[in-house]
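Everything quoted here is computed from the prediction, not taken from an experiment. The sequence lines fix the lettering, A, B, ..., with proteins before strands; numbering per chain opens at 1.
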2 protein chains.
Amino acid sequence: MAVTMKDVALRAGVSRSAVSRTFTKGASVSAKTRAKVEKAAAELGYSPNALASSLTTGRTKLIGLVSNNFHNPLFLEIFDLFTRGLQDRGLRPLLVNLSDETDPANSIRMLRQYSVDGVIVASSTLPPSFAEAFRSAGIPVVHSFGRYSTSPHVHVVGIDNVACGRMAAEALVARGYHRVAFMGGPESATSTQDRARGFLEAMREHPDIDVSISYAAAYSFDAGRAEMQRLLKAGPAQGYFCGDDVLSIGALSAIRDAGLNVPRDIGIIGFNDMEMAGWEYINLTTIRQPLPEIIDASIELVIATIEHPDRHPETRLFPCRVIERGTLPPLDRANTPRLAKPA
Amino acid sequence: MAVTMKDVALRAGVSRSAVSRTFTKGASVSAKTRAKVEKAAAELGYSPNALASSLTTGRTKLIGLVSNNFHNPLFLEIFDLFTRGLQDRGLRPLLVNLSDETDPANSIRMLRQYSVDGVIVASSTLPPSFAEAFRSAGIPVVHSFGRYSTSPHVHVVGIDNVACGRMAAEALVARGYHRVAFMGGPESATSTQDRARGFLEAMREHPDIDVSISYAAAYSFDAGRAEMQRLLKAGPAQGYFCGDDVLSIGALSAIRDAGLNVPRDIGIIGFNDMEMAGWEYINLTTIRQPLPEIIDASIELVIATIEHPDRHPETRLFPCRVIERGTLPPLDRANTPRLAKPA
DNA sequence: GGCATTTTTGCAACCGGTTGCAAAAGCGTC
DNA sequence: GACGCTTTTGCAACCGGTTGCAAAAATGCC
């Protein structure tokens, strides 16, 4: 069915090696034979079989892209950037959806069977051990959006969640609130743990401010809404740091339903700055992760590791920044107001 | 580096064929040798190279998943369903992002080089010719969310957009509006054309109702918002059918910014019922496409075509239905109210 | 033109599997 | 134990490429 090297060689009147060489850049072919081969190839509509060549070269140009986040709209942006970035570098993403409870070992075996050159694990909720399993299997891997570790066993690219927690705390402090809170995602997510830690750390410098923490059941709208409804009943804080934009939007929904105004009655700062956060309709003050940089670095790092497999595990963290929008009161720099403590 | 069949054969004291056979179901191996091989394989951590075997079997179990919609949150749900559905059937999605203006011919060549068993084109905006190019290249293909055609050259799975346009029209008529409009996505998208057609067709039966049509520049929040702002200035209709949920949310944002109330002043019915549409915060009345069914059918169809390449091109359309929420006035079935015409 | 040197070319072996075929082994029966 | 039949096994060729090596062709120089 498909046209192979042999057909082209026959038609061009050269050996199969010659055909192989005209399609391998840097190989030694005379201009004359190259022309003959290219003509024959064009006439037959030949294009080399990447899989067959991978057998001898040991490279498939396949990159496993593993994620368990198929419900957070941010990940559509992430997939967009990853697929484009990989394509631009001549690599092909083999997508693995870990969202149902498929055995992780399964996907590792699968990706090995397909001889992927490397793997990118894109998730802030998977444990470090998951990415490490690839490394033990001898597959170059980088964990994007993973947790920073001082003795990493695996490349990590992402952000400093502790610093972000601090940053959020400071944004709330700057509003003069005397009662603030962190509303995290599931407590088991490392990203949530770190943000909580940074938040508390920063608040320790403001002992006069009341701090509390609670966790939503998932990084989802419903979970955020439910958790905020619970908080509203219990008596809410003045300013919330929500561990994710979707969570924030859920919280906003609960707050408005309760007849309260954001940011007048309650202020919210979210996390991620997904596209939707910028919609005028939502207009969420939030903390932006520099996705393009993180993803570019992830790809570069996995490529570098493919080339030098013994490269030391490395952590690359990118700075985040607050995006001021409408869910926190405007910041008057000349005069950071301090709300009066209640009587 | 990697452990191959030969290593296992050596260790188990059998031939390479024996190893191959124990990993090929339905092959003839005695229980005794199978046990020996499995033991050796386990000890060495062997798993067969899928790519090498594809050379002789002609099957890679790779499915090209091609899309150009990496900005509409609906597609995250779609990718989730596709990847899970493919994985469940032992197939692997090779993701292709067509969103930048990469030459389509390029991705066809690429997918051929990787010998994908089949291709699924998931897009409502790509022209039919794109999917057809795969078919001419001899690659089984189905176009999901594609346009229905009476003489299809390619399998299409999706919805009847004309019928949906009609359905939306009827939903607006039922509210007793005397001035309605369709606000589509880009006029070049076949889905928009069809929805517009169905909408107009249905409205032809209500000559007393004013109908107008306009198009947003893209299927995006900003485009929907901008277009609605324009309409508001020009004097808006009472009820709008927006060709997509994201567009609808953009429109909602413009309407609220103008100080108007939905659904009291203006009613909106969207399209797609993406997850977000159900958020209380948004609460969009919309038309739901049965995504799981469409995606299941797409996968089944591509598998069937791989098995019988000469299968006739087929169209499978699934019924949509209106999801009543808060952006159209409630429907009082006993007494469909008819607003008084203006003086 | 002759010679040494460089470039190009084809042969053949290999990558990691599968599979048709014939020989070998196993089995049941007399 | 011999016989016929079925099952299991290994050999060898093949899938579609790549690549080291030595022979062949081209090139440069005198």
Side-chain angles (χ1 to χ4, degrees), chain A residues 1-38 40-41 44-62 109-117 138-139, chain B residues 1-38 40-41 44-62 109-117 138-139:
Chain A
M1 179 78 238
V3 26
T4 84
M5 226 175 50
K6 204 169 60 179
D7 307 320
V8 178
L10 209 68
R11 178 162 194 130
V14 298
S15 72
R16 301 186 315 142
S17 328
V19 178
S20 171
R21 286 183 180 115
T22 63
F23 285 98
T24 316
K25 58 179 283 171
S28 159
V29 227
S30 70
K32 215 192 310 173
T33 44
R34 146 157 285 139
K36 277 195 292 187
V37 170
E38 279 174 347
L44 295 167
Y46 168 77
S47 70
N49 181 327
L51 269 23
S53 77
S54 84
L55 261 191
T56 39
T57 60
R59 290 286 162 84
T60 55
K61 304 200 163 217
L62 250 25
R109 194 155 36 88
M110 194 278 270
L111 288 171
R112 257 219 323 209
Q113 291 182 335
Y114 279 85
S115 320
V116 293
D117 288 348
I139 304 175
Chain B
M1 177 78 240
V3 26
T4 82
M5 224 173 52
K6 205 169 58 178
D7 307 320
V8 178
L10 209 65
R11 176 162 195 128
V14 298
S15 71
R16 301 187 316 140
S17 327
V19 178
S20 171
R21 286 185 180 114
T22 63
F23 286 97
T24 315
K25 58 179 280 170
S28 158
V29 227
S30 68
K32 215 193 307 175
T33 45
R34 147 158 284 141
K36 278 195 290 187
V37 170
E38 279 174 347
L44 295 166
Y46 167 77
S47 70
N49 181 326
L51 269 24
S53 76
S54 84
L55 262 190
T56 39
T57 61
R59 290 284 163 84
T60 55
K61 304 201 162 217
L62 250 25
R109 193 155 36 90
M110 194 280 269
L111 288 171
R112 260 222 317 210
Q113 291 182 334
Y114 280 84
S115 319
V116 293
D117 288 346
I139 303 175

| message | Expressed as a whole number of angstroms, how long is the span from B/K25:NZ to C/dT18:C1'? | response |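 Taking atom C1' of C/dT18 as the reference, NZ of B/K25 is at 18 Å.
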| message | Could you work out, with side chain to side chain contact (heavy atoms under 4.5 Å, CB included) as the rule, every residue matching B/L55, not counting sequence neighbours? | response |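 Testing B/L55 for side chain to side chain contact (heavy atoms under 4.5 Å, CB included), a comparison that skips the adjacent residues, returns A/N49, A/A52, A/L55.
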| With distance as the sole test, does A/S47 use its side chain to make a donor-acceptor pair with the main-chain N or O of B/Q113 at under 3.5 Å? |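 No, A/S47 side chain to B/Q113 backbone: no donor-acceptor pair under 3.5 Å.
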| task | Measure from the side-chain N and O atoms of B/T24 to the backbone N and O of B/A27, and report whether any donor-acceptor pair falls under 3.5 Å. | result |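 Not confirmed, B/T24 side chain does not pair with B/A27 backbone.
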| request: Considering non-hydrogen atoms only, spot the tightest contact between B/S54 and B/R59 and give its length. | output: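 Smallest interatomic distance, heavy atoms only, reads CB-O, 3.2 Å.
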| Between A/S30 and A/T33, is any side-chain donor less than 3.5 angstrom from a side-chain acceptor? |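 The answer is yes; a qualifying pair exists.
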| task | At under 4.0 Å between heavy atoms, which parts of nucleotides 9-16 of chain D does protein reach? Answer with one letter per nucleotide, 5' to 3': B base, S sugar-phosphate only, - none. | result | BBBBB-BB
| field | Any B/S20 side-chain N or O less than 4.0 Å from OP1/OP2 of C/dG17 | value |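 No, no such contact exists.
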